[in-house]
Amino acid sequence: MTAALALCDLRVRFPVGDGLVSAVDGVSLRVEPGEIVGLVGESGCGKSTLAAAVMGLLPPSTSVTGSVRVAGDEVVGLDDRRLRAMRGDRVSMVVQDPSTSLDPIWSVGDQVAETIRAHRRVGRRQARALATQLMTDVGIPAAASRYDDPPHRLSGGMRQRIVIAAALANEPSLLIADEPTTALDVTIQAQILGLIRRLRDDRGTAVLLITHDLGVVAQVCDRVAVMYAGQLVEVAGAQELFDHPRHPYTRALLGALPSATARGERLAVIPGQVPDLAHQPRGCRFAARCPLRTDVCEQAPVPEPVGASMAACWHVDQPLPLLGGAR
Amino acid sequence: MTSRAAFVLRRVLLTLPVLWVMSVFVFLIIRLVPGDPVRTMLGFRATAANVAEVRRRLHLDEPLLQQYVRWVGDLLHGDLGQDLVSRAPLSEQLAQRLPVTLELTTLSMTLAVLVGVPLGVRAAVGGRWTRRLTDGFVVLGISVPDFWLGIMLVLLFAGTLTVLPPSGYLPFTTDPVQNLRYMTLPVLTLATAETAYLLRTTRGAMESVLQRPYVTYLRAKGLSPRRIVAGHALKNAAPTVVTVIGIQVGVLLGGAIVVEQLFALPGVGRMIVTAINQRNYPTVQAGVLVIAAMFVLVSLVTDLVVGWLDPRVSDGAGA
């Protein structure tokens, strides 16, 4: 079956001063139709750059190499016109903060209808009817009467539903959700995640869910890709990842969850800092912060695939000494 | 009542206190200027008895508060008073002069909007050379004083080229073509700085809108740059531009005083300047009040238009 999204050795480099800084470095990943894959990592690890590369939204000065295939079609190297035809149609995006991602002056309904009309020959009235139906589908009560409201009359959760409705308008094969719940209340978060899951079930849309929140991953993802300093360090089924994390970084991340810490104990932290993008170490990028570090880590680890899973570490599955000097 | 109707009502009611405060200012400020209208009228050989008699007849011997109440009372009955020098009713004078000032400012603002706004949009989305050219025009247009520009335009078009009259006026109703020929240089003088200012405002507003996060989202929907600019950025920049246009009408009305003087246009501005020199209190009061009332009216219309363009404003949600 053709993957909804297939990344092969994707590299994204930005010109900074005289040199190039690499924000995404050799990422390969597949998202199958109907699958929800979580892309997890700290801020600045390259998650959002990866999303922008898939959407073809990076500035022209950026160097993108490798391959990005959306439903089998190559995206890297497409001209502007073809990229526009793809965006919002075969791949669409839900962004972080619905209060700043909607045009504040346009009515919410028109913003949904606009996406339809950008890609299909549909009359004004028909687009309005389709948009109203989409708004109902994403759980907006009395959608017809909210159609003409500007965004500020809707709550944050309702606005995010509008963004999702617009993203789904043309039945894309892939939905990229970049921190879709970060700006929302916890109760609303659960509703939005439930909605994404239901839409996947109903429509078979593949979802790449970008987040720094492992709780979100646990709620909806089938598989998880963990990203660190521009590279994927581990890919595994969601359950498997939580039960048996293999890469030391993943294990440290899970160890740093507040729920993993006993009451009264200090929260665990990962010592050290993410390496500067401009001065990446030649070997394993996590080595400086890794408790399992040995001399072999001076060389880049060869990803070790196990079925559909992967962990890029020389010391996969070795027992971990206690983390966090604070304890 | 809908929130929109409440917004309109609130905004209309708000003009009343503004108009009142303005009437107090107009009344007091002209009386602060040294000089006496009666002595100016009668000449310095007039006897003290004569002066006192005329002062009494014009009610200038009454306390200020009483004079003010009399003036406002007449105003509320639609009576603007009489010119101290010509004894003619001021409503007649204004009926003749107001159209001149209105034509001058309206034509200037229309020209400035028609040129400045499209150029501002182009400059916001254009390349390096468009930016440099517009930057140059903005700096020149804003820094050149209008009286100097007016003189230069007269020297060029009326002096050297002799294609346009240097000064004078004919009503539009008498001879439309001549009227426009007389208006061309004054309008150019008044509109140049305005065009530069609106260009800069529009460019700034467009640039700031184009940097907002929702523009990325619009691109992600697959919209073309042209649609993003025309359909979204322009609409979002419009309230800012309209607000500035409203404020600039006030600036134009002030500039009209200089330009009317320069080109001998018989407008309200010229009437005020002459009246100030004669300490002609009622005429100054009526002229300034009418100009100020027009500005208040324009501000009201501006706010209503902005409220209509941006639903956040009429909802009181804050933009």
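Order of the sequence lines fixes the chain letters, A, B, ..., with proteins taken first and strands second; residue numbering starts at 1 for each chain.
Using a 4.5 Å heavy-atom threshold, the side chains of B:Thr216 and A:Leu57 count as touching. Residues A:Leu102 and B:Tyr214 have side chains not in contact (no heavy-atom distance under 4.5 Å, counting atoms from C-beta outward). With a 4.5 Å cut-off on side-chain heavy atoms, A:Thr100 and B:Arg212 do not count as touching. Looking at B:Lys221 and A:Glu114, their side chains come closer than 4.5 Å, going by heavy atoms from C-beta outward. Annotation: side chain of B:Arg219 is not in contact with side chain of A:Met55 (no heavy-atom distance under 4.5 Å).
At distances below 3.5 Å, at least one donor-acceptor pair connects side-chain atoms of A:Trp106 with backbone N or O atoms of B:Gly231.
Of the listed residues (A:Arg117, A:His119, A:Arg84, A:Met93), the one with the most heavy-atom contacts under 4.5 Å to chain B is A:Arg84. With chain B as partner, the option from A:Ala166, A:Pro150, A:Pro104 having the largest number of non-hydrogen pairs under 4.5 angstrom is A:Pro104.
Between the side chains of A:Gln111 and B:His232, no donor N or O sits under 3.5 Å from an acceptor N or O.
Contact annotation for A:Val163: both backbone and side-chain heavy atoms come within less than 4.5 Å of a heavy atom of chain B. Looking at A:Arg153, only its side chain comes within 4.5 Å of chain B, counting heavy atoms on both sides. With a 4.5 Å cut-off on non-hydrogen atoms, A:Asp89 does not touch chain B at all. Interface residue B:Leu309: only backbone heavy atoms are found under 4.5 Å from chain A.
Taking each heavy atom of A:Ile105 and B:Pro311 in turn, the nearest pair found is O-CG, 4.1 Å.
In this structure, A:Arg82 places its CZ atom where only 12 or fewer heavy-atom neighbours from other residues, nucleotides or ligands lie under 6.0 Å away. Heavy atoms from other residues, nucleotides or ligands lying under 6.0 Å from CZ of B:Arg11 number more than 12.
Remark: A:Arg87 CZ to B:Leu218 CG distance equals 11.0 Å, nearest 0.5 Å.
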